[in-house]
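Numbered from 1 within each chain, the chains take letters A, B, ... in sequence-line order. On a predicted model such as this, the values are computed, not experimentally measured, just so you know.
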Amino acid sequence: MAQSEQEILEGLAGIVNEVAGTPIADITSEKTFTDDLDIDSLSMVEVVMAAEDKFGVTIPDSEVKNLSTVGDAVSYIAKASVGS
Amino acid sequence: MTENRRRVVVTGLGATTPIGGDAATTWASMLTGRIGIRPLTAERYADMPVRIAGTIQVEPTEVLDRVEARKLDRCQQLALVASRQAWADAGSPEVDPNRLGVVVATGIGGINSLLDNYDILLARGPSRVSPMSVPQLMPNGAAAWVGLDLGARAGIHCPVSACASGAEALSYALSMIRDGRADIVVAGGTEACIHPITIASFGAMRALSTRNDEPERASRPYDKGRDGFVMGEGAGILVLESAEHAAARGARVYAELAGAGISADGHHIAQPEPEGRGAASAVRLAIVDADVAATDIVHINAHATSTPQGDIAESRAIRSALGSAVDGVAVSGTKSMTGHLLGGAGAVESVATVMALVDRKAPVTANLEDPDDAIALNVVGGTPRDLRSGDIAAINNSFGFGGHNVALVFRSTS
């Protein structure tokens with residue numbers, strides 16, 4: 001089931017809000033998880049776990065370090081969900 | 001030696017317990033005999049031999065921010081609720097972070113988070129185990145979170161000595177200030193370990209009351225009908241401060257933590273030494289450390305868990321330590337109302353001991369309907385008892401599986 005990048009962004013924003021309390025409106029594509037959204041390494045693991053469950057994808061640790069911005073994560077999830 | 005020693009006073013109180021969401025409500029409940037023992041109605045307790053506990057009156061998630069709460073084990077949530085109360089009660093003092101310490105004890109630690117994650121491991125595999133599970137399960141986690149919340153840098157500690165843990169934390173904090181390591185130490189204990197495995201485990205020791213049909217009558221220290229303790233959850237935190245520091249900032253002072261005594265039974269892993277020799281030694285050491293006369297002691301908040309053996313051993317210990325002065329001492333067993341908060345007990349009961357000195361009232365021992373003849377103490381029953389005016393002192397006793405004994409002496413300051 002392919003999901004639009006907008007749907008993925010909304011879903012991911014919900015996860016980040018749940019984990020870190022960041023207001024949904026502040027969670028936009030260009031924001032970096034670490035510096036802009038204050039997601040530490042443990043919280044990032046939680047975000048990844050929740051995203052894997054929500055979008056039915058696998059995000060290996062080797063990829064997580066490349067996901068600097070919310071947009072990076074959205075793009076990765078969009079590609080991974082097409083391939084699955 | 002004691003002449004040059006720094007004096008340590010109590011300037012803030014916090015608690016969240018089965019009988020109150022704060023220290024003031026908890027103390028008011030202890031004066032009216034309100035009981036916080038409730039049935040455990042969740043399905044997972046249906047086949048347990050014990051289906052009652054002292055459950056928290058105000059859920060910590062109603063007090064803490066949602067995002068903050070989800071990072072913490074329940075015992076850490078309770079500690080943070082109590083520490084913020086205590087800190088605000090102390091007037092949120094200005095203090096050099098390098099002179100601010102934290103000692104928050106627990107007997108069991110974050111066992112609910114550990115077990116929740118074990119359930120997840122079995123059901124969904126290792127990839128779904130929370131990255132917060134280690135910070136949640138580690139016993140020092142509560143102390144660490146309180147320290148982070150306050151920015152404390154003089155040292156963060158977590159003594160673990162079963163049901164003596166909370167009192168040992170206060171003893172440790174007293175030493176930190178006396179030794180010059182800190183000017184203020186936020187200290188106490190917390191526990192939130194109610195779960196079928198702990199109920200079954202303490203039940204296997206035959207340590208728990210099985211009065212499932214009458215929860216409010218189950219915890220009955222010193223009563224002939226007592227049949228074990230009732231598990232409870234909660235936290236108590238005291239702000240301890242050097243008398244100089246408190247005076248310099250014009251802080252309100254509740255009482256002085258005048259002394260502590262610690263001993264070990266050297267007897268058995270779980271049973272109390274029948275004559276209470278170790279416990280008596282702790283009480284004697286505390287009185288000497290506090291430099292008070294036995295006749296200054298007017299009240300004891302006893303360990304009094306409501307076990308058949310433990311209450312008698314403590315009775316012998318108190319009588320042995322205080323001698324003839326014991327007949328003038330009002331002894332209260334507040335676990336009759338809260339249940340046994342394990343690592344939180346000594347701290348919550350120290351809050352009560354301090355308030356007894358402030359209000360000059362010894363709290364209720366609920367359910368004392370048929371006093372055990374083997375208890376040779378002047379026990380306060382269902383009505384609080386007035387304490388005399390003038391300079392007085394009171395003791396909090398806490399003992400733990402493993403043979404740990406801690407006695408604390410608080411002295412009136414007003």
Side-chain angles (χ1 to χ4, degrees), chain A residues 8-28 31-70 72-73 76-77 79-81 83-84, chain B residues 59-77 79-81 84 109-153 156 158:
Chain A
I8 294 168
L9 175 62
E10 286 169 10
L12 196 59
I15 290 168
V16 171
N17 171 265
E18 174 71 20
V19 170
T22 317
I24 300 260
D26 293 350
I27 303 165
T28 49
K31 295 285 173 64
T32 62
F33 288 105
T34 307
D35 295 330
D36 296 330
L37 300 178
D38 205 23
I39 302 282
D40 66 17
S41 62
L42 299 183
S43 295
M44 192 64 190
V45 175
E46 290 195 87
V47 168
V48 167
M49 279 170 36
E52 287 183 331
D53 285 346
K54 184 172 182 67
F55 301 112
V57 299
T58 300
I59 310 175
D61 284 356
S62 56
E63 289 296 337
V64 172
K65 64 177 185 295
N66 300 324
L67 306 180
S68 171
T69 65
V70 172
D72 295 340
Y76 185 87
I77 292 164
K79 286 196 195 99
S81 57
S84 67
Chain B
E59 278 297 316
T61 48
E62 292 176 21
V63 182
L64 298 173
D65 173 72
R66 174 184 64 82
V67 173
E68 183 172 62
R70 70 186 295 282
K71 292 182 182 177
L72 309 183
D73 179 78
R74 186 174 176 83
C75 79
Q76 300 166 353
Q77 294 174 351
L80 200 59
V81 168
R84 286 181 179 163
I111 191 170
N112 270 297
S113 297
L114 172 63
L115 293 166
D116 288 349
N117 277 282
Y118 187 60
D119 291 342
I120 290 169
L121 174 69
L122 294 182
R124 304 193 58 203
S127 70
R128 289 300 175 267
V129 170
S130 169
M132 292 308 296
S133 57
V134 168
Q136 286 171 341
L137 70 87
M138 60 192 198
N140 56 308
W145 282 117
V146 169
L148 284 168
D149 195 49
L150 296 171
R153 295 196 176 140
I156 294 172
C158 174

On a heavy-atom basis, the closest approach of A/V19 and B/V67 is O-CG1, 3.3 Å
Note to self: With a 6.0 Å cut-off (strictly less than), is the heavy-atom count around CG of A/D61, excluding the residue itself, greater than 12?
What the structure shows: no
Notebook entry, point to check: Just wondering, more than 12 heavy atoms not from A/K54 lying within 6.0 Å of its NZ?
Noted result: no
Okay, B/V129 and chain A: the region with an atom under 4.5 Å from a heavy atom over there is backbone
Value for CG (A/D53) from CZ (B/R124), rounded to nearest 0.5 Å, stands at 4.0 Å
* Is there side-chain contact between B/P131 and A/M49, with heavy atoms separated by less than 4.5 Å? -> yes
CZ (B/R70) with more than 12 external heavy atoms under 6.0 Å: yes
Is it true that atom CG of A/D26 has more than 12 heavy atoms of other residues, nucleotides or ligands lying nearer than 6.0 Å?
yes
Under 4.5 Å to a heavy atom of chain B? For A/V48 that would be neither
To the nearest 0.5 Å, atom OG of B/S130 lies from atom CD of A/E46 at 4.5 Å
Note: A/G21 and B/R66 closest approach over all heavy atoms is CA-NH2, 4.3 Å
Between the OG atom in A/S43 and the CE atom in B/M132, the distance rounded to the nearest 0.5 Å is 7.0 Å
CD of A/E52 to CZ of B/R128, rounded to nearest 0.5 Å, is 4.5 Å
